[in-house]
Amino acid sequence: MKISVIGGGSAYTPGLVEGLIKIHRDVPFNELCLMDIDETKLQTVTAIVRKMISEALPEVRVTATADRIAAICDTAFILCQIRVGGLAGRVLDEKIPLKYEVIGQETVGPGGFAMALRTLPEMYAIAQDIKKYAPEAWLINYSNPSGMVAAMLAKYTDINAVSICDVPIGVQHFIASLLKLPREQVKLDYVGLNHLGWFRKVFVAGKDIMPMLEDMAEKTDILAMLPGDDEKTLHESEMMLRIFKKTGVIPSSYLQYYYLTRECLQEQLAAEKTRGEVVQGIEKELLAHFEEVARHEDAHLWKSRGGQWHSELMVGILSAIHNDTGEEYIVNVINQGCVPGMDPEACVEIPCLIDKRGVRPMHVDRPSPDMLGLMQLVAAYETLTVEAAMEQDYNKALRALNLNPLVPSLEIAEKILNDYIQAHGDFITLK
Ligand code: G6P
Ligand code: MN
C-alpha cells in the first residue's frame, strides 16, 4: 500500500510522518511517496523523513518525486497540503488589503479569496489526475481555503475526498487537557463553516459542561493553562476567551476577524511583519534545522512546525477510511439538510462519521439567528468565489469579494481585486 503526500516538501511533513508512523500497525503502508514542485525543499524534507522512517519502519520505502502523476499512480491515499504561489503569494494576499485598511489574513476576507482563486484550479487539476490514474484512491486535503476546496471537489468532481481543518480538534484537545481527560471523551456540538464556527456545547459523559467552562473562564487563568508558549496561539486564545465571555459560546479563533474587526485591523497595521512574513522566517529556520538533523543527529530530535493536530486528524481520518471504523470527526462537507436553515447545497463544517464509504454528515441543531446570518452570508460569498475561480470570471470575482463581510465597498473590492490580479501574475487569471 502506497501513501503519497502532494506538497511533501512542506515543513509540516515530518509532523505528518510522525503520525503515519503511529498508525502503521492499523494502516500497514509499504511506500511513502513525497511529491513537490520545489525540488530543494523536497530534498531537504525527504532526507529527514528517510531517517525517521528508517529508524521506525525499516520495511517502508520512501520515494521522492517532482512528478505528480508518478505520485498519484498506484496510491491508496493522497495527502494534499499545497500552497499555490508559495509563502510569497500569502504575503501578497495579506499585504494588499492592508493598503486599503482591510483585514489581511491568509484564509479570511480578501486574502482567503485570492488564495481560493489560485488554489481551486490547481486542486481541480489534481482531482482530474486522481480520477485518471488512481480512481479508487482517497484524497485527504489540508490545503486552504479548505472549505472552498471541499465545495469545489464536491461540485466539480466525483473523486473520493475529505477536506479538513485542525481548528475543531485543537479546541477539543485544549478542553480535554483542562479537564485532564483523553480527547475522545470530550464531545463537541460544533457548527459553522471552515474558519467560521462555534462550539455551542461541550459534552463529557453525556453532560453539557459549558456552564462549568464559563465558570472556569471567570474564576481561573485559563490562558496560563495553555500547553506550549507559542505567541500566536496565546493571542488567538485571548481573543477567543474574550468573545466566549461575552457570548457564552466558544468561537473559532478566526471569528476574531468578524467580531473584533477594528482591533484586529489596528494590530495588523501596527505589526512590523505580516504572519506570512513571520512564517517565511520560521520555514527557513526549520528547513536548515531539518538538514542538520538529517546529517548528524538522532531523527527524534527534530523540531516541529506545529500542526500536531493536523497530523493527528489526517492520519485519524485515513485510518477511519481504511479500517472502516465510522469514527466521528469534524470536517467540511455539503450540508444536505444537516444544518437546519442553511442551503442544502452549501459547504459546512460539522461533525461527520467517516468510514470506507466516505463522509456522512450528522444532523446538528439550528444555529441561532446571528450565527446563521453570518454563515449564510459567508457561504454565499464562498459559492460565488468558487464559481469565479472555476469559470475564471472577473465579474463574479468582484461580486464575491464585495459580498465578503470584511470588505467595506464595491470600490475597495475592485481596487483589491485589480491589485491581486497584477501582483499574482499567472497565478490569477480572470476574464
Ligand atoms: C491553523 C489553521 C490552518 C492554517 C494555520 C496557519 O492551523 O487551521 O488552516 O493554515 O493555522 O498557521 P500559520 O502558522 O501558517 O499562520
Ligand atoms: Mn484550518
Side-chain angles (χ1 to χ4, degrees), residues 83-124 144-149 151-152 155-156 193-196 254-271 274-277 343 346-347 373-431:
R83 186 182 282 287
V84 180
L87 282 171
R90 174 177 179 174
V91 173
L92 294 173
D93 288 350
E94 293 166 340
K95 279 196 164 169
I96 287 169
L98 287 175
K99 269 171 62 182
Y100 305 102
E101 305 206 330
V102 175
I103 294 284
Q105 212 283 327
E106 181 193 21
T107 60
V108 159
F113 162 86
M115 194 186 202
L117 293 183
R118 295 198 302 287
T119 308
L120 299 183
E122 193 60 22
M123 287 302 305
Y124 180 74
N144 275 320
S146 190
M148 285 193 264
V149 170
M152 185 283 292
K155 287 178 192 165
Y156 293 82
L193 310 181
N194 180 231
H195 290 189
L196 184 133
Y254 287 90
L255 281 173
Q256 64 176 302
Y257 302 108
Y258 300 94
Y259 284 48
L260 305 168
T261 317
R262 287 205 174 180
E263 187 178 329
C264 290
L265 177 62
Q266 292 314 321
E267 277 173 6
Q268 290 186 339
L269 289 170
T274 69
R275 176 69 190 165
E277 289 171 306
D343 180 349
C347 185
L374 187 56
M375 282 174 73
Q376 284 169 332
L377 174 56
V378 175
Y381 143 80
E382 289 188 348
T383 301
L384 208 46
T385 303
V386 172
E387 287 179 16
M390 297 306 288
E391 296 164 20
Q392 303 195 311
D393 184 327
Y394 180 92
N395 175 273
K396 275 191 182 172
L398 179 60
R399 284 161 48 213
L401 187 55
N402 179 56
L403 188 59
N404 189 289
L406 299 179
V407 176
S409 74
L410 183 61
E411 282 79 13
I412 299 286
E414 194 172 17
K415 285 189 174 131
I416 294 175
L417 177 57
N418 291 344
D419 282 8
Y420 276 147
I421 291 172
Q422 209 180 20
H424 284 296
D426 290 344
F427 286 116
I428 297 183
T429 48
L430 298 173
K431 294 183 282 263

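Residue numbers run from 1 in the order of the sequence given.
Atom CG of residue N144 and atom CE of residue M115 lie 5.0 Å apart, to the nearest 0.5 angstrom. Distance CG/D343 to OG1/T383: 7.0 Å, rounded to 0.5 Å. Rounded to the nearest 0.5 Å, atoms OG1 (T385) and CZ (R399) are 11.0 Å apart. Considering CG of L384 and CG of L401, their distance stands at 10.5 Å, rounded to 0.5 Å.
Contact check for L120 versus Y156: no side-chain heavy atoms found under the 4.5 Å cut-off. Residues V378 and P405 form a side-chain contact, since some pair of their non-hydrogen atoms from C-beta on lies under 4.5 Å apart. P110 places none of its side-chain heavy atoms less than 4.5 Å from the side chain of I96. Looking only at side-chain heavy atoms (C-beta outward), M148 and F113 stay at 4.5 Å or farther from each other. Contact annotation: the side chain of L430 approaches that of L417 to within less than 4.5 Å [non-hydrogen atoms, C-beta and beyond]. Contact of the L403 side chain with the L377 side chain is registered, since non-hydrogen atoms from C-beta on lie closer than 4.5 Å. E101 places a side-chain heavy atom less than 4.5 Å from the side chain of L265.
Listed by chain and residue number, T107 satisfy the side chain to side chain donor-acceptor pair (under 3.5 Å) test with Q105 (two or more places apart in sequence, or in another chain). Scored by the side chain to side chain donor-acceptor pair (under 3.5 Å) test, Y259 finds W198 as partners (sequence neighbours excluded). Contacts of S146 classified as side chain to side chain donor-acceptor pair (under 3.5 Å), with partners at least two apart in sequence or in another chain: S163. Partners of E277 by salt bridge (charged side-chain N to carboxylate O under 4.0 Å, His left out), not counting sequence neighbours, listed by chain and number: K95. In this structure L87 satisfies the side-chain contact (heavy atoms from CB on, under 4.5 Å) test together with R83, R90, V279, Q280, E283, sequence neighbours excluded. Every residue two or more places apart in sequence or in another chain was checked for a side chain to side chain donor-acceptor pair (under 3.5 Å) with Q266, and none qualifies. Legend: residues meeting ring pair (Phe, Tyr, Trp, His ring centres under 6.0 Å) with Y254, ordered by chain and number and at least two apart, are H195.
The backbone N or O of Y258 lies less than 3.5 Å from a partner atom in the side chain of T261, making a donor-acceptor pair. Between the side chain of Q268 and the backbone N or O of G104 there is at least one donor-acceptor pair closer than 3.5 Å.
Listed by first and then second residue, the side chain to side chain donor-acceptor pair (under 3.5 Å) pairs involving residues 417-431 are D93-H424, K99-D419, Y100-D419, R118-H424, Q392-T429, Q392-K431, Y394-N418 (not counting sequence neighbours). Counting only residues at least two apart or in different chains, salt bridge (charged side-chain N to carboxylate O under 4.0 Å, His left out) contacts with residues 376-388 comprise E387-K396.
Nearest approach of G112 to P145, heavy atoms of both residues: O-CG, 3.8 Å. Pairing each heavy atom of L193 with each of A379, the nearest pair is CD1-N, 3.6 Å.
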May I have the list of side-chain donor-acceptor pairs in residues 406-416 shorter than 3.5 Å, sequence neighbours left out?
from, atom 1, to, atom 2, distance (Å)
S409, OG, E411, N, 3.4
S409, OG, I412, N, 3.1

List the steps and the verdict of side-chain contact (heavy atoms from CB on, under 4.5 Å) for R275 and E106. CA-CA 8 Å; R275 176 69 190 165; E106 181 193 21; over 6 Å; no

